[in-house]
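The structure under discussion appears below in the form of C-alpha cells.
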Amino acid sequence: MGKVGFGVAVGCAVVTCAIAAVLLGRRVQSRRKWRRAVEMLQEFEEGCATSIGRLRQVVDAMAVEMHAGLASDGGSKLRMLLTFVDNLPDGNEKGTYYALDLGGTNFRVLRVQLGGRGSMILSHQVKHHPIPQELMSGTSEDLFDFIARTLKQFVEQEDDGSEQKVDEKKELGFTFSFPVRQMSVSSGILVKWTKGFSVEDAVGKDVARCLEEAMTKAGLNMQVAALVDDIVGTLALCHYYDKDTVAAVVIGTGTNACYVERTDAIIKCQGLLTSSGGTVVNMEWGNFWSSHLPRTSYDIALDDESPNSNDQGFEKMISGMYLGDIARRVLYRMAQEADIFGDDAYNLSIQFIFRTPLMAAMHEDESPDLREVRRILTENLLLPHVSLKVRRLIVRVCDIVTRRAARLAAAGIVGILKKIGRDGSGGVASGRTKGTPRRTVVAIEGGLYAHYSMFREYLNEAVVEILGEEVAQNVVLRVSEDGSGIGAALLAAAYSSN
Ligand code: ADP
Ligand code: MG
C-alpha cells in the first residue's frame with residue numbers, strides 16, 4: 001500500500017468512527033429523552049391515582065359538603081339550591097303541555113301530549129329557533145316579545161283544536177339555563193347573564209313574569225307552571241318512567257347533579273313544608289372541591305389560565321370541556337422536556353385544540369398499529385411522523401385522564417347516595433327497609449357519559465367497586481335523555497293548576 005492509499009484508509013476509518021460516535025451519541029440521547037418521557041408518564045399516573053381509599057375519602061367529602069351547603073348559604077362550595085320542585089312527574093299526568101328551552105344562541109319550543117296512566121307520552125313536537133344577534137344584547141322587552149311571538153306561531157301551527165279548548169289556559173315549563181335565584185317553582189330572579197347574553201335590564205327581574213307579560217301582549221293564553229334548570233328536567237323525565245329515580249347527573253361539556261332531599265334535612269330553610277316530605281336540590285356540583293381530589297400541576301395550570309380560575313374545580317377534572325385539554329398539557333410538556341414529537345409540536349401549545357371527542361377516538365383505537373391515533377395526529381394536530389411507541393404513550397395519557405375523571409364522578413355519585421342513605425352503609429335512612437334493599441336509580445345525561453364508552457365503563461365499574469357488589473345490585477345508573485325540553489313540559493304537567 002502506498003502512502004496515499006494508507007492516508008485514504010486512515011481518513012475513511014476516522015470518518016467511520018466519527019459517524020459511529022455521532023449515531024451512538026444520538027441513540028444515547030434519544031434513549032435518555034425516552035426515559036424522561038416514561039418518567040413523566042409515571043409521575044402523571046401517580047398524581048392521578050384514585051385508589052379505593054382515595055375514592056372513599058372523596059365520597060365522604062361530597063356528603064360532608066352537601067350537609068354544609070344545606071346548613072347555610074355560602075356554607076360550602078356546593079350551593080345546594082332549592083328548586084321548589086317537590087313533586088316529580090310519575091306517569092299519571094294527562095293533557096297537552098308546552099315547554100320553552102332557552103339556554104344559548106338557540107331556543108326550542110315543544111308540545112307534549114300525555115295520555116295518563118299506562119299510555120305515557122303520546123306524541124311530541126319540537127321546533128328550534130335561532131335568537132337574532134341584536135336581541136341578545138337588547139332590552140328585556142324585545143327579547144321576551146320575540147320569544148312569545150314565536151311561541152304563539154308554534155302553538156297555532158301545532159294546535160289541531162282537538163283536545164284543548166281554545167280559551168283554556170295553557171301550561172308551560174320554562175327551562176332557563178342561566179343563574180337564577182328561585183323563589184317558587186314558577187318564579188325566579190335572574191342573577192346574571194352568561195353565554196354571550198347581555199340583556200341588562202332583565203337582571204334582577206323575575207324571568208317567568210317577563211315571559212308571561214310578553215305572552216299576554218302576544219295574545220297567548222299561557223302561564224309558566226314551572227321554571228327549571230335543565231338538570232331538574234332530566235330528573236323529572238327519568239322519574240316519569242321510573243319512580244325509583246332519586247338523582248340526576250349531567251356529564252357533558254360541563255357537569256352538575258340534583259337529587260331528592262328530605263325537607264327536614266335542609267337546615268338553611270327551616271319550616272319548608274312539602275306534601276311529599278322531599279324536595280329537589282340543585283347541587284351545582286361542578287364547583288365541588290376537596291383536598292382529597294388528586295390534583296396535578298397540569299390541573300393547576302389549566303385552572304390558572306382559565307377565565308374562571310378557582311371556580312368549578314370538580315368540573316375541570318371530570319367534564320368534556322376539559323379532559324382533552326388536560327391530556328394536551330401533558331403531551332405538550334413531554335414534547336418540551338422529552339422531545340417526543342421532534343420539531344413539530346407547535347400545535348400542542350394551543351389551548352383546547354385537542355377536544356375530548358378526539359381524545360376519546362384515540363383512546364378507543366383498537367387497531368394493533370394505532371391507525372386512528374396516527375390519522376388524528378396527522379389531520380388534527382399536524383403531527384404526521386409519530387412512531388408507534390409514542391402513539392402508545394399518547395393512548396396511556398388519554399387513559400389516565402379519563403379513568404381519573406370517571407372514577408371521581410363515580411365517587412361523587414356515591415357521595416349523593418351516602419347523603420340520602422342509599423349507599424348500604426346503614427345509618428339513619430339506610431338503603432334497607434326492614435332488611436329489604438331498596439332499588440335506587442340515578443339518571444345520567446350528557447355527551448361524555450353517553451358517547452365515550454371507556455369513560456362510562458370506568459364510571460360504572462368504580463361505582464360497583466366503592467359500593468361493593470351486593471349493594472351495587474340495587475343501584476341502577478340509567479342513561480337518560482336531556483330533559484330540558486320534555487322534562488320541563490312534564491314538570492308543567494305536574495305543577496299544572498288545571
Ligand atoms: P352539553 O353538555 O353542551 O349540553 P352534551 O351533553 O351533548 O352537550 O355534551 C357534549 C360534550 O360531550 C362535548 O363537549 C364533549 O366534551 C363530550 N362528547 C361528546 N361526544 C363525545 C365523544 N364521542 N367522546 C367523548 N366526549 C364526547
Ligand atoms: Mg346538555
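Note that ligands are numbered from 1 as they come in the structure, with each ligand's atoms numbered from 1 the same way. No experiment lies behind these values; they were computed from the predicted model shown.
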At what distance is the nearest protein heavy atom to atom 23 (N) of ligand 1, and which residue and atom is it? His451 CB, 3.4 Å
Hydrogens and angles aside, do Arg108 and Ser484 bring a side-chain donor and acceptor to less than 3.5 Å of each other? yes
Atom indices of ligand 1 within 4.0 angstrom of Gly320 heavy atoms, with elements: 16 (O)
Any idea which of Gly447, Pro357, Gly254 brings a heavy atom closest to atom 15 (C) of ligand 1? Pro357
Would Thr356 and Tyr452 count as a side chain to side chain donor-acceptor pair (under 3.5 Å) here? Give the steps. CA-CA 9 Å; Thr356 303; Tyr452 192 168; over 6 Å; no
Enter the distance from Ser184:OG to Asp206:CG here, rounded to the nearest 0.5 Å. 7.5 Å
List every atom of ligand 1 that sits less than 4.0 Å from any heavy atom of Tyr452, numbering the atoms from 1 in the order shown and giving each element. 24 (N), 25 (C)
Residue of the set Phe146, Phe154, Phe107 for which ring-ring contact (aromatic ring centres under 6.0 Å, His included) holds with His129: Phe107
Parallel under 30°, tilted from 30 to 60°, perpendicular over 60°: which one fits the rings of Tyr458 and His363? parallel
Which atoms of ligand 1 have any heavy atom of Ala360 under 4.0 Å away? 24 (N), 25 (C)
Polar atom proximity, Thr356 to ligand 1 (N or O, under 3.5 Å): no
Under 4.0 Å from any heavy atom of Leu448, which atoms of ligand 1 are there? 12 (O), 17 (C), 26 (N)
For atom 2 (O) of ligand 1, what is the closest protein heavy atom, and at what distance to 0.1 Å? Thr253 N, 2.9 Å
To the closest 0.5 Å, what do you measure between OH (Tyr322) and CZ (Arg329)? 11.0 Å
Rounded at 0.5 Å granularity, tell me how far CG in Asp73 sits from CE in Met80. 11.5 Å
Return yes or no for this condition: an N or O of Gly446 is under 3.5 Å from an N or O of ligand 1. no
